[in-house]
Amino acid sequence: MLKKGIINKVFVIFFQGLALLTLPLISKYIGSREYGIWSIIYGMMQMLVPIFILQLDSAFTRFLSGNKSLERTSNKFVSIFLLLLLIAIVVSVSFPFFDLNISNFMFASESYVKYVYIMVGWVFIRVFINFSRNYFRTFGKFHIDTKISISQQLTIIFSIAYVAITGKGLYDFFIIILSVEALLLLITLILVFRELSFEKIKINIPKKYFTYAIPLVPTMILSWVINYSDQLMIVHFSSLEENARYSLYYTYSRIPHWIIITPLNYALLPFLSKFIYSGENISKVNNYIKESVNISFIVISTFIIGLIFYGSEILYLLSNEEVNSSGINLIVLISFSVFATALYQIVYHILSLKNETGVLIYIFGLGAVINVLFNYFTIPEYGIIGAAISTLISFIIVGLLTSKASKLTFKEIFYPKTLIFLLFVFLATYFIKVMFFSNLYLLGVGYVILLIAYLGFIYKSFPSYYLFIINKLKSVIKF
């Protein structure tokens with residue numbers, strides 16, 4: 001189930017990657033201010049969708065992934081769905097009283113109200129799509145969830161292509177996305193309802209669902225503060241255009257997170273939820289965590305090296321962003337924060353299995369406070385470099401504190417040889433980039449040499465993964 005979930009998620013990530021590659025075209029063909037508006041709306045969605053779901057999708061997966069009773073599954077799905085529908089109605093009725101204030105909060109101006117309404121509509125469409133498709137993830141039907149997610153990514157890609165070709169504006173871009181995703185929601189609901197039984201529906205959400213999920217809501221909000229509050233503060237301290245530049249680098253520098261950690265965690269939650277964290281299972285789960293952390297660190301670092309070598313050049317091609325040392329510094333600072341997020345998002349599963357997620361409120365609370373304070377003092381002085389520094393420091397603190405809360409020792413999380421190897425690799429990366437800053441050919445030669453070093457390290461330290469990589473390469477070559 002774990003392997004199947006990861007493979008299906010990799011397909012989704014491929015199309016997410018295509019969407020990420022096309023997003024800078026908004027800045028190139030529509031304008032940097034419009035890209036700044038897009039990034040704020042998308043960032044707000046990352047907070048609001050999980051808030052309005054109340055993290056009950058995670059609870060649904062946590063407590064029902066091994067369930068065989070169709071009646072029980074149907075009762076819980078319908079009960080949660082109706083609760084989310086009630087929340088959507090209440091918020092929609094109340095929203096017009098605060099639209100101007102929200103516009104000012106998001107864009108430092110009341111003149112963008114129409115985009116606020118677009119955001120709200122998109123949020124609730126995503127709430128019901130995400131909760132509904134989570135049903136398929138919970139019960140291992142990853143192929144259906146994959147198709148739904150790929151459809152969402154293709155919608156963004158085709159919408160960007162349409163406005164780039166026709167010269168339409170950002171508003172038209174959003175209207176296309178909302179229309180297609182509304183249709184996608186209808187299709188998703190039909191697929192889910194076909195799986196359910198409605199003969200003995202009882203509206204009931206057990207208390208343990210809320211006990212598990214509710215502490216995750218403030219945690220998620222605080223996580224959002226660390227991830228996206230810097231963009232709001234850049235808008236207020238500087239401009240939408242400057243936020244557009246920061247968002248471009250932030251999106252691309254966090255690509256290793258979406259490619260590696262997202263699919264891994266996507267499959268880890270339902271897989272590990274089958275274990276009770278006691279007795280012999282403790283060593284099994286800890287071993288899965290350790291392997292996941294070390295292998296993810298190794299793979300993440302290969303992408304970060306590629307970003308350091310070529311990230312600025314790619315952004316220049318897609319958005320006309322100037323190639324300079326400032327851009328390289330942004331890439332390094334932001335991409336290195338992916339290591340910290342990988343650590344806490346993987347180790348978090350220990351806390352989940354022990355039902356100790358409540359401690360995350362304090363961990364992320366401290367991280368969020370530090371992030372806001374650093375942003376407040378560094379953004380006016382150092383601009384978007386200050387925002388990147390604040391993000392890195394906050395993620396490191398969260399990662400270390402989550403590891404401490406899990407009560408795993410350093411040796412239970414890391415192989416020292418992994419960290420030593422990565423230190424050597426990044427020192428070599430720094431030397432190669434400094435020596436051949438703009439010589440793309442020599443940078444490519446250096447990248448190949450480093451990748452060979454990776455294969456050698458994996459062969460010696462993780463032979464089973466080495467054989468897996470070689471077999472996959474052979475199958476690709478034969479194809």
**Q** Quick one: does Asp172's side chain have a donor or acceptor within less than 3.5 Å of a partner on Gly169's backbone?
**A** yes

**Q** Would you say Thr302's side chain and Val299's backbone share a donor-acceptor pair under 3.5 angstrom?
**A** yes

**Q** Measure from the ring center of Phe128 to the ring center of Phe81 and say whether it is less than 6.0 Å.
**A** yes

**Q** With the side chain counted from C-beta on, respond yes when Ile289 and Leu408 share a heavy-atom pair under 4.5 Å apart, and no when they do not.
**A** yes

**Q** Tell me if the centroids of the rings in Tyr228 and Tyr42 come within less than 6.0 Å of each other.
**A**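 For Tyr228 and Tyr42, the ring centres are not under 6.0 Å apart.
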
**Q** Mind checking whether Phe339 and Phe297 have parallel, tilted or perpendicular rings, split at 30° and 60°?
**A**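 It falls in the tilted class, 30° to 60°.
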
**Q** Indicate the atoms forming the closest heavy-atom contact of Val359 with Ala405, along with that distance.
**A** CG1-CB, 4.1 Å

**Q** Rounded at 0.5 Å granularity, tell me how far CZ in Phe210 sits from CD in Gln55.
**A** 13.0 Å

**Q** Where does the angle between the aromatic ring planes of Phe237 and Tyr376 fall among parallel (under 30°), tilted (30 to 60°) and perpendicular (over 60°)?
**A** perpendicular

**Q** Measure the spacing between OG of Ser223 and CD1 of Ile363 and express it to the nearest 0.5 Å.
**A**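 Here the rounded value is 12.0 Å.
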
**Q** Mind running side-chain contact (heavy atoms from CB on, under 4.5 Å) on Leu330 and Tyr250 for me, showing each step along the way?
**A** CA-CA 8 Å; Leu330 277 172; Tyr250 190 89; over 6 Å; no

**Q** So, Trp122 side chain and Tyr117 main chain: donor-acceptor pair closer than 3.5 Å or not?
**A** no

**Q** Tell me if a side-chain donor or acceptor on Asn371 pairs with a main-chain N or O of Ser394 at a distance below 3.5 Å.
**A** no

**Q** Donor-acceptor pair, distance only, cut-off 3.5 Å: does the side chain of His236 make one with the backbone of Gln231?
**A** no

**Q** Quick one: closest heavy-atom pair of Ser159 and Ile176, and the distance?
**A** OG-CG2, 3.3 Å

**Q** Aromatic contact between Phe436 and Phe309, with the criterion being ring centroids under 6.0 Å apart: yes or no?
**A** no

**Q** Mind checking the CE-CZ spacing from Met119 to Phe174? Nearest 0.5 Å is all I need.
**A** 10.5 Å

**Q** Apply side-chain contact (heavy atoms from CB on, under 4.5 Å) to Ile384 and Glu242, showing your working.
**A** CA-CA 8 Å; Ile384 56 180; Glu242 190 68 1; 3.8 Å; yes

**Q** So among Val425, Thr418, Ile452, which one has a side-chain contact (heavy atoms from CB on, under 4.5 Å) with Phe457?
**A**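 Only one of Val425, Thr418, Ile452 forms a side-chain contact (heavy atoms from CB on, under 4.5 Å) with Phe457, namely Thr418.
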
**Q** Using side-chain heavy atoms (C-beta onward) and a distance below 4.5 Å, is Thr391 in contact with Ile334?
**A**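 Side-chain contact under 4.5 Å: no.
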
**Q** Evaluate the side-chain proximity of Tyr115 to Leu170: yes if any heavy-atom separation is below 4.5 Å, no if none is.
**A**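 Leu170 vs Tyr115: side chains touch.
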
**Q** Start with the C-alpha gap between Ile389 and Tyr382, add the side-chain angles, then the distance that decides, and say whether side-chain contact (heavy atoms from CB on, under 4.5 Å) holds.
**A** CA-CA 10 Å; Ile389 294 172; Tyr382 303 105; over 6 Å; no

**Q** Compare all side-chain heavy atoms of Leu307 with those of Pro256 and state whether any distance is below 4.5 angstrom.
**A** yes

**Q** Has the side chain of Ser103 got a donor or acceptor atom that lies under 3.5 Å from a matching backbone atom of Ser109?
**A**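 Judged by distance alone, yes, a pair lies under 3.5 Å.
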
**Q** Looking at Phe395 versus Phe336, is the centre-to-centre ring distance below 6.0 Å?
**A** no

**Q** Stepwise, does the side-chain hydrogen bond (donor to acceptor under 3.5 Å, both in side chains) test hold for Ser238 with Asn243?
**A** CA-CA 8 Å; Ser238 184; Asn243 175 63; over 6 Å; no

**Q** Do the rings of Phe60 and Tyr135 sit parallel, tilted or perpendicular, given the 30° and 60° boundaries?
**A**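 Tilted.
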
**Q** May I ask you to check whether Tyr344 and Phe364 place their ring centres under 6.0 Å from each other?
**A** yes

**Q** Passes side-chain contact (heavy atoms from CB on, under 4.5 Å), Ile458 versus Ile295? Steps please.
**A** CA-CA 9 Å; Ile458 295 173; Ile295 293 300; 5.9 Å; no

**Q** What do the steps show when you test Tyr162 against Phe173 for ring-ring contact (aromatic ring centres under 6.0 Å, His included), and what is the final call?
**A** CA-CA 8 Å; Tyr162 174 77; Phe173 169 73; 10.0 Å; no

**Q** Is the shortest side-chain heavy-atom distance between Leu240 and Phe107 below 4.5 Å?
**A** yes

**Q** Backbone N or O of Gly444 within a donor-acceptor pair of the Tyr310 side chain at under 3.5 Å?
**A**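 Side chain of Tyr310 to backbone of Gly444: a pair is present.
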
**Q** Given side-chain hydrogen bond (donor to acceptor under 3.5 Å, both in side chains), test Arg254 with Ser337 step by step and report yes or no.
**A** CA-CA 8 Å; Arg254 298 281 297 178; Ser337 70; 2.9 Å; yes

**Q** I want to check something: taking the side chain as every heavy atom from C-beta on, are Ser403 and Leu343 in contact at a cut-off of under 4.5 Å?
**A** yes

**Q** If only side-chain N and O atoms count, and only distance matters, is there a donor-acceptor pair under 3.5 Å linking Thr138 with Thr61?
**A**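 Yes.
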
**Q** Please check this pair: side chain of Ser39 against backbone of Gly36, looking for a donor-acceptor N/O pair closer than 3.5 Å.
**A** yes

**Q** Side chain to side chain donor-acceptor pair (under 3.5 Å) with Tyr447: which residues, sequence neighbours excluded?
**A**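 Per chain and number, Tyr447 pairs via side chain to side chain donor-acceptor pair (under 3.5 Å) with no residue.
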
**Q** Rounded to the nearest 0.5 Å, what separates atom CG in Leu360 from atom CE in Met220?
**A**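 Going from CG on Leu360 over to CE on Met220, the span is 12.5 Å.
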
**Q** Are any side-chain N or O atoms of Ser296 and backbone N or O atoms of Val293, one a donor and one an acceptor, separated by less than 3.5 Å?
**A** yes

**Q** Please say which of Asn375, Thr378, Val225 ends up in a side-chain contact (heavy atoms from CB on, under 4.5 Å) with Asp230.
**A** Asn375

**Q** When you compare the side chain of Leu222 with that of Ile226, does any pair of heavy atoms fall below 4.5 Å?
**A** no

**Q** Let me confirm one number: the CG-CG distance from Asn294 to Leu422, rounded to the nearest 0.5 Å.
**A** 9.0 Å

**Q** State, yes or no, whether a side-chain contact exists between Ile379 and Phe374 at a heavy-atom distance under 4.5 Å.
**A** no

**Q** Would you compute the distance between atom CG of Asn227 and atom NE2 of His257 and round it to the nearest 0.5 angstrom?
**A** 7.5 Å

